[in-house]
Visitor: 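Take a look at this one; I'll ask things after.
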Amino acid sequence: MFNSKIIDLVIGLVMAYFAYDRIATGHTGMGIFFVVLAALNLLAFFLKLRTDKNVQQKPL
């Protein structure tokens, strides 16, 4: 139904929202935790995009 790239993007954006919400309410420790999680999910998304691009460019 959904591929893993879309799921990584959605989870990364949701974690970024949670990070913003936690930092805005004064829970800085949890906010930083969510920032790290969001960054890792978004990094995975971009790495998967780059890998797919490289795989599609190589002829079989």
Side-chain angles (χ1 to χ4, degrees):
M1 187 151 94
F2 294 113
N3 60 15
S4 64
K5 290 185 300 260
I6 299 298
I7 293 172
D8 281 333
L9 180 63
V10 169
I11 290 174
L13 293 174
V14 169
M15 289 296 163
Y17 171 75
F18 285 157
Y20 170 75
D21 186 51
R22 292 293 93 199
I23 291 172
T25 58
H27 297 100
T28 312
M30 284 303 291
I32 293 171
F33 176 69
F34 283 126
V35 165
V36 170
L37 289 178
L40 289 173
N41 276 306
L42 294 174
L43 176 67
F45 171 73
F46 287 117
L47 289 175
K48 287 178 184 179
L49 278 181
R50 190 173 66 173
T51 301
D52 283 349
K53 181 180 173 185
N54 290 340
V55 168
Q56 290 176 358
Q57 288 179 351
K58 289 184 180 179
L60 294 174

Visitor: Using the rule that Ile, Leu, Val, Met, Phe, Trp and Tyr join whenever any side-chain heavy atoms are under 4.5 Å apart, tell me whether Leu43 and Phe33 fall into a single cluster.
Guide: no
Visitor: Quick one: closest heavy-atom pair of Ala38 and Gly12, and the distance?
Guide: CB-O, 3.5 Å
Visitor: Does the side chain of Phe46 come within less than 4.5 Å of Arg50's, by heavy atoms?
Guide: no
Visitor: Lys5 and side chain to side chain contact (heavy atoms under 4.5 Å, CB included): which partner among Val10, Leu47, Asp52?
Guide: Asp52
Visitor: Less than 4.5 Å apart, any side-chain heavy atom of Tyr17 and any of Val14?
Guide: no
Visitor: Say you draw a straight line from CD1 of Ile32 to CG of Leu37; how long is it, rounded to the nearest 0.5 Å?
Guide: 12.5 Å
Visitor: Would you kindly confirm whether Tyr20 and Met15 end up in one hydrophobic cluster when ILVMFWY residues are joined by side chain heavy atoms under 4.5 Å apart?
Guide: no
Visitor: For the residue pair Gly31 and Ala19, what are the closest heavy atoms and their distance?
Guide: O-CB, 3.5 Å
Visitor: Restricting to pairs with a member in residues 36-49, which pass side-chain hydrogen bond (donor to acceptor under 3.5 Å, both in side chains), not counting sequence neighbours?
Guide: Ser4-Lys48, Asp8-Lys48
Visitor: Can you measure from CD1 (Ile11) to CD1 (Ile6) and round to the nearest 0.5 angstrom?
Guide: 12.0 Å
Visitor: Working to the nearest 0.5 Å, report the span between CD1 of Ile23 and CZ of Phe18.
Guide: 13.5 Å
Visitor: Linking I/L/V/M/F/W/Y whenever any side-chain heavy atoms sit under 4.5 Å apart, do Leu9 and Leu49 land together?
Guide: yes
Visitor: Considering residues at least two apart in sequence or located in another chain, which fulfil the ring-ring contact (aromatic ring centres under 6.0 Å, His included) criterion with Phe45?
Guide: none
Visitor: To the closest 0.5 Å, what do you measure between NZ (Lys53) and OG1 (Thr51)?
Guide: 11.5 Å
